[in-house]
Amino acid sequence: MSDRRLMRSLRTAFGVRRSPLRRGAGWLDENLGGGSKLLRDELRHIFPDSWAFFLGEIALYCFIILVVTGIYLALFFHASQAEVVYQGSYQPLVGVPMSDAYSSVLDLSLDVRAGLLVRQVHHWAALVFVGALMIHLLRMLFTGAYRRPRRINWVVGLSLLFLVGFNGLMGYSMPDDLLSGTGLRVAYSITESIPFLGPTMASLMFGGQFPTSGIIARIYPVHIFLLPAGIAGLLGLHLGMLWLQRHTEFPGPGRDDRTVVGTPMVPAYALRTTGYFMLVAGVLTAFGGLLQINPVWLYGPYTAWDSTTSAQPDWYMGWLEGAVRLFPGWDIQIGSFVLPAVFWPAVVLPGLIFTPLFLWPWLDGIALRDHGFHNVLTLPSERPGRAAIGAGFVTFLSVLLVAGGNDVFAAVFGLDLLVFQRTLQVLVIVLPPVAALFTYLVCRRRSQRWLATGR
Ligand code: HEM
């Protein structure tokens with residue numbers, strides 16, 4: 001009698017039932033010829049224990065929360081710019097003509113049960129999502145996690161960041177309040193500034209010359225379906241590659257390119273990550289309940305001839321806004337052809353930032369003459385040049401981000417706006433190389449000390 005048959009007869013004799021997991025594995029073996037071994041191996045997939053890996057998980061959980069809260073919002077949001085007269089419970093706007101979209105967001109905020117909480121959780125989840133992705137990306141950058149065999153996954157991750165930021169922009173453009181309309185006007189002008197193609201592209205995207213009455217209806221399916229589907233697909237690809245390639249890990253005793261040190265997926269990691277999900281959901285719900293965000297009723301409906309003071313985009317678009325504010329107003333005119341000043345900071349600069357960023361794993365490989373496979377990460381001090389470029393890049397974006405809110409900073413700290421603007425124009429050029437040099441020297445010193453003392 002085979003071992004398996006013997007076990008089965010013993011279990012029947014003593015009335016012992018097999019656990020659902022074992023029964024599932026048995027079913028796989030019977031029907032797919034040995035599938036339980038595969039399942040067992042996958043359930044034992046090892047996840048590293050470092051805190052740094054939590055960043056990617058925060059991003060994933062924010063996405064789940066965005067989908068769940070977004071579905072609730074979609075039940076009440078009207079993607080229409082047809083004019084209505086507001087009759088809801090917010091007294092200062094009663095009797096004011098506005099778009100159906102704006103009126104539905106006012107209802108969502110002030111009359112729909114839990115509407116404001118869900119709106120605010122949705123908005124906070126978007127802000128934290130991009131933040132987690134950005135810090136996750138910087139962790140990759142500073143530790144060389146993008147080297148072979150993860151170069152394609154770096155590109156997938158960066159595309160993810162791009163789509164999420166863009167979907168956030170679409171999202172906060174939908175309520176059709178004065179702030180979102182101001183953002184859309186900026187987006188229209190930037191698109192229009194592209195030489196030759198720009199005006200046609202802007203007109204195709206917006207359905208005519210700004211302001212148009214159909215833009216919200218166009219954005220809506222992109223925001224709730226197209227981009228989320230793209231993001232879900234990229235997330236799946238990102239995680240699938242991660243699973244097949246195994247995880248990177250920080251250097252340390254017992255770590256090499258062939259082993260992984262950490263926790264198996266079942267049961268420890270599965271329980272831990274469920275806890276992380278609860279934590280992210282809890283923190284975002286607390287944010288949504290306690291911290292006001294995007295109070296659209298205070299801004300009023302969008303009208304093309306009005307503008308809010310201190311109009312700010314969401315933080316992840318702030319660097320682009322800052323670049324536009326800092327760049328001098330140099331329109332270039334050749335005959336009847338005009339190249340608007342906004343083209344350089346809003347189209348050329350993002351191209352100059354994102355193209356090398358996408359190619360970074362290959363550029364880094366060429367610069368360091370290192371095309372090998374790496375599963376163990378490097379510490380920033382081991383590669384001072386890489387750390388220096390990273391620090392310069394972060395400093396550059398940080399100055400632009402501050403510049404995106406220059407009017408608010410000037411008002412809050414009582415600064416002269418023009419002097420502050422000029423200071424930022426100087427700092428954006430001077431600070432990044434200073435930060436890069438400082439980082440280079442600190443990292444080199446650390447690596448020299450490590451070589452000399454082993455500490
Ligand atoms: C990556 C995914 C997403 C991001 C980054 C994102 C971001 C945003 C942001 C920032 C807003 C403005 C919220 C506000 O009014 O303060 C918004 C609005 C909205 N979102 Fe999303 N969202 C995402 C996915 C979704 C999904 C999957 C749905 C629906 C299934 C959805 C439905 C909506 C609706 C209906 C609104 C308009 C209502 C409102 O503004 O309150 N979103 N989104």
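Each ligand, and each atom within it, is numbered from 1 in the order the structure gives.
Residue contacts with ligand 1: H223 is placed with a nitrogen or oxygen under 3.5 Å of a nitrogen or oxygen of the ligand (distance criterion only). On a distance-only criterion, Y316 and ligand 1 share no N/O pair closer than 3.5 Å. Checked against a 3.5 angstrom limit, the closest N/O atoms of Y220 and ligand 1 fall outside it. The N/O atoms of N294, backbone and side chain alike, include one that comes under 3.5 Å of an N/O atom in ligand 1. For R119, a nitrogen or oxygen atom sits less than 3.5 Å from a nitrogen or oxygen atom of ligand 1, counting backbone and side chain alike.
Looking at N375 and H247, their side chains never bring a donor and an acceptor atom within 3.5 Å of each other. A donor atom on one side chain and an acceptor atom on the other are found under 3.5 Å apart for R119 and S109.
The aromatic rings of Y188 and F210 sit tilted relative to each other, their planes meeting at an angle between 30° and 60°.
What sits closest to atom 13 (C) of ligand 1 on the protein, heavy atoms only, is H123 ND1, 3.4 Å. The shortest contact between atom 40 (O) of ligand 1 and any protein heavy atom is with P175 CG, 3.3 Å. The single protein non-hydrogen atom nearest to atom 28 (C) of ligand 1 is G70 CA, 3.6 Å, given as residue, atom name and distance. In terms of protein heavy atoms, atom 34 (C) of ligand 1 is closest to M174 CE, 3.5 Å. Closest to atom 38 (C) of ligand 1, if we only count protein heavy atoms, is F77 CD1, 3.9 Å.
Under 4.0 angstrom from ligand 1, the non-hydrogen atoms of I231 all belong to its side chain.
Comparing A229, A232, G171, P295 against atom 12 (C) of ligand 1, the shortest heavy-atom distance belongs to G171.
Close contacts of ligand 1 with N167, meaning ligand atoms under 4.0 Å from a residue heavy atom, involve 1 (C), 2 (C), 3 (C), 4 (C), 23 (C), 24 (C). Ligand 1 places these atoms under 4.0 Å from at least one heavy atom of A74: 35 (C). Per-residue contacts place P228 under 4.0 angstrom from the following atoms of ligand 1 (heavy atoms of the residue considered): 27 (C).
Taking the six-membered ring for Trp and the full ring otherwise, Y220 and F77 have centroids separated by under 6.0 Å. When ring centroids are compared, Y86 and Y90 stay outside the 6.0 Å threshold. Residues Y61 and Y276 place their aromatic rings such that the two centres sit no closer than 6.0 Å. Ring centers of Y302 and Y102: at least 6.0 Å apart, outside the cut-off.
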* side-chain contact (heavy atoms from CB on, under 4.5 Å) evaluation trace for L379 with T143 -> CA-CA 5 Å; L379 296 177; T143 59; 5.8 Å; no
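Every residue meeting the ring pair (Phe, Tyr, Trp, His ring centres under 6.0 Å) condition with F196, not counting sequence neighbours, appears here in chain and number order: F337.
Residues I216 and A79 share a closest heavy-atom pair of CG2-CA, 4.1 Å.
If you look at H122 and ask which of its N, O or S atoms sits nearest atom 21 (Fe) of ligand 1, the answer is NE2.
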